Amino acid sequence: MSEKIAVLGGGSWGATLAAQLAGNGHDVCIWEYDRATADTLRTQRTLHTLPQLRLPASATVTNDMAEALKGRRIILSVTPSHTVRSTFQTAVKTQALEPGATVISATKGIEDETFRTMSSIVRETFPAAGDIVILSGPSHAEEVATKQPVAMVAASVSRTSTELVRDLFASETFRVYTGSDPLGVELGGSLKNVYAVACGVVDGLGLGDNTKAALMTRGLNEMTRLGTALGASALTFFGLSGLG
């Protein structure tokens with residue numbers, strides 16, 4: 001069944017996920033803050049930063065948030081982590097948000113000033129939201145855009161909502177697994193970036209596989225301990241959003 005979906009964020013990852021949804025037959029409208037980027041995406045159906053992308057003709061692109069949100073009960077949030085709060089504050093002010101709308105959070109990160117997760121920011125700024133589903137996993141936009149196989153995880157307290165997200169994105173090359181530990185998936189997707197940067201430092205220093213293996217193994221252990229201390233399940237960090 002075709003769904004009406006608003007995508008907040010038309011950068012590389014947001015546009016790629018929007019293309020996947022539109023390619024699956026859904027009615028997709030992308031809101032992009034930067035007018036020039038929105039114009040490029042609307043007219044050229046690709047991005048300078050991601051030439052592999054081909055946005056289906058059925059997807060619409062706008063710089064008007066109210067236009068993107070009106071009548072859409074599924075919202076995919078893919079803005080940078082430092083703009084999630086302001087984005088939803090603006091969205092609420094438009095009065096175009098549908099009460100009870102399902103929010104899919106595909107932004108990785110933790111807010112600098114408050115240490116809040118993205119889903120908690122969404123809930124705080126948009127208390128009338130319905131279920132919030134975290135979408136995370138090892139996924140490079142340029143590979144997804146060229147239809148290389150990818151596996152991700154959708155996690156929420158609602159099984160119905162996670163299965164909805166699974167079905168929205170499902171294709172021959174895009175597989176979504178469902179999970180019931182949204183906090184663990186959200187933390188894994190954020191914390192793993194620290195170790196990814198550290199692995200880059202290892203490469204930059206010219207160190208070998210032994211060093212990187214030690215870093216990744218002990219990093220996974222550290223991430224799991226921190227996550228479980230915050231209330232997440234240890235097993236989640238050995239899945240797609242952590243180890244993945």
Side-chain angles (χ1 to χ4, degrees), residues 1-11 13-35 37-38 41-42 55-81 83-109 111 116-136 152 154-170 176 178-180 182-183 185-186:
M1 183 178 67
S2 177
E3 299 283 358
K4 299 183 70 174
I5 305 169
V7 178
L8 301 182
W13 190 224
T16 297
L17 291 178
Q20 176 69 21
L21 292 169
N24 281 353
H26 300 294
D27 180 348
V28 175
C29 184
I30 304 170
W31 170 81
E32 168 52 37
Y33 171 81
D34 182 75
R35 186 179 298 275
T37 300
L41 194 55
R42 181 174 55 252
L55 185 67
S58 62
T60 57
V61 184
T62 181
N63 186 239
D64 184 329
M65 184 177 286
E67 178 186 349
L69 293 170
K70 187 176 181 180
R72 297 176 186 272
R73 295 189 57 81
I74 299 176
I75 301 166
L76 174 61
S77 175
V78 210
T79 63
S81 59
T83 67
V84 167
R85 181 178 295 277
S86 60
T87 297
F88 274 89
Q89 287 173 337
T90 301
V92 169
K93 289 178 182 178
T94 68
Q95 299 185 335
L97 280 169
E98 292 284 331
T102 298
V103 178
I104 306 168
S105 177
T107 297
K108 297 184 178 79
E111 192 173 44
R116 300 284 294 274
T117 63
M118 299 299 104
S119 64
S120 66
I121 294 171
V122 172
R123 182 64 71 189
E124 177 186 340
T125 54
F126 180 28
D131 293 326
I132 300 175
V133 183
I134 312 304
L135 181 67
S136 188
M152 301 189 70
S156 170
V157 296
S158 167
R159 181 173 180 177
T160 299
S161 292
T162 57
E163 291 178 347
L164 168 65
V165 174
R166 176 196 65 194
D167 295 342
L168 289 175
F169 285 96
V176 178
T178 59
S180 57
L183 176 61
V185 169
E186 199 161 24

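Bear in mind the structure is a predicted one, so any value in this text is a computation, not a measurement.
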Engineer: What heavy-atom pair brings Leu135 and Ala154 nearest, and what distance separates the two atoms?
Structural biologist: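 In this case the closest contact between Leu135 and Ala154 is CD1-CB, 4.4 Å.
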
Engineer: Does a side-chain heavy-atom distance below 4.5 Å link Leu69 with Ile75?
Structural biologist: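 Leu69 reaches Ile75 side chain to side chain.
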
Engineer: Holding to ring-ring contact (aromatic ring centres under 6.0 Å, His included), I want the full list of residues that pass it with Phe126, two or more places apart in sequence or in another chain.
Structural biologist: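 Not a single residue meets the ring-ring contact (aromatic ring centres under 6.0 Å, His included) criterion with Phe126.
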
Engineer: Taking atom OH of Tyr33 and atom OG1 of Thr87, what is their separation to the nearest 0.5 Å?
Structural biologist: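 One finds 9.5 Å between OH of Tyr33 and OG1 of Thr87.
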
Engineer: Output all residues satisfying side-chain hydrogen bond (donor to acceptor under 3.5 Å, both in side chains) with Ser105, sequence neighbours left out; order by chain, then residue number.
Structural biologist: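 side-chain hydrogen bond (donor to acceptor under 3.5 Å, both in side chains) check on Ser105 returns nothing, list empty.
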
Engineer: Are Val92 and Gln89 side-chain neighbours, meaning at least one heavy-atom pair lies under 4.5 Å?
Structural biologist: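 In short, these two side chains do not touch, never coming nearer than 4.5 Å.
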
Engineer: Would you give the length of the straight line joining atom OG1 of Thr102 to atom CD of Glu3, rounded to the nearest 0.5 angstrom?
Structural biologist: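 Separation between the atoms: 9.0 Å.
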
Engineer: Give me the atom names and distance for the closest heavy-atom approach of Ala18 to Val28.
Structural biologist: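 Residues Ala18 and Val28, closest heavy atoms: CB-CG1, 3.9 Å.
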
Engineer: Just how far is it from atom CG of Leu183 to atom OG of Ser119, taken to the nearest 0.5 Å?
Structural biologist: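 Between atom CG of Leu183 and atom OG of Ser119 there are 7.5 Å.
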
Engineer: For the side chain of Arg123 and the backbone of Ala129, is there at least one donor-acceptor N/O pair under 3.5 Å apart?
Structural biologist: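 Indeed, once roles are kept as given, a pair shorter than 3.5 Å links the two residues.
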
Engineer: For Gly10 and Thr37, which heavy atoms make the closest approach, and how far apart are they?
Structural biologist: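 What the structure gives for the nearest pair is O-CG2, 4.0 Å.
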
Engineer: Might you point out which heavy atoms bring Ala155 and Thr162 nearest each other, and give the distance in Å?
Structural biologist: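 The pair with the smallest heavy-atom distance is C-CG2, 3.7 Å.
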
Engineer: Answer yes or no: is there a side-chain heavy-atom contact under 4.5 Å between Leu164 and Ile74?
Structural biologist: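 Yes, their side chains come closer than 4.5 Å.
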
Engineer: Write down the atom of Leu168, the atom of Leu21, and the distance for their closest heavy-atom approach.
Structural biologist: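 Heavy-atom minimum between the residues: O-CD2, 3.6 Å.
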
Engineer: Run the numbers on Lys93 and Met65 for side-chain contact (heavy atoms from CB on, under 4.5 Å), then give the verdict.
Structural biologist: CA-CA 10 Å; Lys93 289 178 182 178; Met65 184 177 286; over 6 Å; no

Engineer: How far does CZ of Arg159 sit from CD of Glu163, to the nearest 0.5 angstrom?
Structural biologist: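 Nearest 0.5 Å value for the CZ-CD distance: 5.0 Å.
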
Engineer: For Ile134, does its backbone N or O pair with a side-chain atom of Glu186 as donor and acceptor, under 3.5 Å?
Structural biologist: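 Side chain of Glu186 to backbone of Ile134, a donor-acceptor pair under 3.5 Å: no, none is there.
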
Engineer: Are Glu32 and Arg42 close enough for a salt bridge, meaning some N to O gap below 4.0 Å?
Structural biologist: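 Between Arg42 and Glu32 there is no salt bridge, as every charged N stays at least 4.0 Å from the carboxylate O atoms.
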
Engineer: What pairs of residues pass the salt bridge (charged side-chain N to carboxylate O under 4.0 Å, His left out) test when at least one of them lies in residues 55-75, not counting sequence neighbours?
Structural biologist: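 The answer is Asp27-Arg72, Arg73-Glu98.
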
Engineer: Does any non-hydrogen side-chain atom of Val185 lie less than 4.5 Å from one of Pro182?
Structural biologist: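 Answer no - side chains too far apart.
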
Engineer: Is there a donor-acceptor pair closer than 3.5 Å between any side-chain N or O of Gln20 and the backbone N or O of Phe169?
Structural biologist: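 Present.
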
Engineer: For Ile30 and Leu55, what are the C-alpha separation, side-chain angles and deciding distance, and is it a side-chain contact (heavy atoms from CB on, under 4.5 Å)?
Structural biologist: CA-CA 11 Å; Ile30 304 170; Leu55 185 67; 4.0 Å; yes

Engineer: Distance check, rounded to the nearest 0.5 Å: Lys108 atom NZ versus Ser81 atom OG?
Structural biologist: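 The NZ atom of Lys108 sits 11.5 Å away from the OG atom of Ser81.
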
Engineer: Would you give the length of the straight line joining atom CG of Leu8 to atom OG1 of Thr79, rounded to the nearest 0.5 angstrom?
Structural biologist: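 One finds 7.0 Å between CG of Leu8 and OG1 of Thr79.
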
Engineer: Tell me the closest heavy-atom pair linking Ser77 and Thr107, and the distance in Å.
Structural biologist: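 Scanning both residues completely, I find the closest heavy atoms to be O-OG1, 3.5 Å.
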
